[in-house]
Amino acid sequence: MTNNWSDWQQYNDWHPDLDSFKETLDGGQAFCWEATDENTYQGIVANIPYCVRWEKPNKISWATHSSLFDEADALFGKYIGTENTYQRYYNVLPWRSDPHLEKCMARFPTLRILNQPSGETLLGFLCSAAKQIVQIKEMLSLIRERFGSEIVGNQKTLPSWDQLYAIDETALRECKFGFRAKNIKKTADLLHATPEILENLESQDYEIAKTTLSTLPGVGEKIADCVLLLGYQKLEAFPVDTWILKAMQRRYQLDDWNSKQVSHFGRRHFGSYAGLAQQFIFSWERKASRK
DNA sequence: TTCCAGGAAGTCG
DNA sequence: CGACTTCATGGA
């Protein structure tokens, strides 16, 4: 932190416990946050560098570069969401009739779904196929460093899809993208030729938007659902990855169900905010497995 | 060593 | 349809 940074700004529309705070920022929704100490993360969202700090009792504050303050202030609230919104979401989820969901929500009582920039959400989850979260973060860190635009200091954005269009597949592979490089290159080509594909996705219905996103090379059901949930705020999306598949089979006695069946079950069982329920279950299952 | 990771797409029966 | 392979790379 230099004197080019703003003062700490308290954010009063989220009062997370420490576990929910860490899980929300660095639990696999976003790949841009690095812990600088036990209670603080540093990261770049779109073109804004942030520090976010947790303090007792359940308060958070953020800081940014002074020259970007107004923009940062507007983006932060949108990124994190508000108390009223999440009280409504938590109230509507069917935890009263679902003991496992109730247990997961009790473990991370203030967990949120980050409202991320859609372009970088698409890039992040195109990188995510058959990769561990720590490796996805490394891939994105490499491409940010090599091909991002400078903001202030030595900090850089992720490359936009326009910028990705200009990067050849070899360079992507040198960022450890592996077989994902081809899909990302092909998606960048397609978006360059027909950029209107991503227009108005926010206002489209979930099913329509999902069909549209699925036309992109490398985007199947799971990645489409992640991009819709985290990049387009479609809370009814229910991404089924290997963790959720195993968790649902085990905790909901869906022993021989496949991903498509579990996806359908999740949306029907959890309702309008199934994606939030999914994140509770995902977080709980991963936490349970690590100890 | 072997298995698996916030999967998708192609092939085969 | 559904099951099986291939695709890079590295952690566990």
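Every chain is numbered from 1, with letters handed out A, B, ... down the list of sequences.
Backbone-only contact: A:Gly218 has heavy atoms under 4.0 Å from sugar-phosphate atoms and none from a base. At the heavy-atom level, A:Lys137 lies nowhere under 4.0 Å from the strands shown. A:Phe177 comes within contact range of no nucleotide atom at all, as no heavy-atom separation falls under 4.0 Å. Residue A:Val134 is out of contact with every strand shown, counting any heavy-atom pair closer than 4.0 Å. Among the protein residues, A:Arg173 comes within range of the sugar-phosphate backbone only, with heavy atoms under 4.0 Å from sugar or phosphate atoms but none that close to a base.
For the residue pair A:Ser20 and A:Asp17, a side-chain donor N or O sits within less than 3.5 Å of a side-chain acceptor on the partner.
Salt-bridge check for A:Glu236 with A:Arg267: failed, with every basic side-chain N at 4.0 Å or more from each acidic carboxylate O. In this structure, A:Glu138 pairs ionically with A:Lys176, as a charged nitrogen and a carboxylate oxygen lie closer than 4.0 Å. Contact check on A:Lys22 versus A:Glu38 returns a salt bridge, with a Lys/Arg side-chain nitrogen under 4.0 Å from an Asp/Glu carboxylate oxygen.
Counting only residues at least two apart or in different chains, ring-ring contact (aromatic ring centres under 6.0 Å, His included) contacts with residues 116-145 of chain A comprise A:Phe31-A:Phe125.
Distance noted for atom P between B:dC3 and C:dT6: 15 Å (whole Å). C:dA8 and B:dT1 are spaced 22 Å apart, taking the P atom of each and rounding to whole Å. A gap of 26 Å separates the P atoms of C:dG2 and B:dG6, to the nearest Å.
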* Quick one: do A:Trp161 and A:Phe147 satisfy ring-ring contact (aromatic ring centres under 6.0 Å, His included)? Show the steps, please. => CA-CA 11 Å; A:Trp161 280 99; A:Phe147 297 102; over 10 Å; no
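The side chain of A:Lys176 places an N or O atom within less than 4.0 Å of a non-bridging phosphate oxygen (OP1 or OP2) of C:dG10.
If you walk DNA chain B from 5' to 3' and mark each nucleotide with an atom closer than 4.0 Å to a heavy atom of chain A, the marks span B:dA5 to B:dA9.
Remark: A:Lys287 fails to qualify as a cation-pi partner of A:Phe282 under the 6.0 Å distance and 45° angle criteria applied to the six-membered ring.
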* Asked: Using Watson-Crick and G-U wobble pairs with both distances under 3.5 Å, what is the 5'-to-3' dot-bracket string of DNA chain B, with [ ] for crossing pairs and | for pairs outside the strand?
  -> .||||.|||||||
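Closest of all the heavy-atom pairs between A:Leu230 and A:Thr121 is CB-CG2, 4.0 Å.
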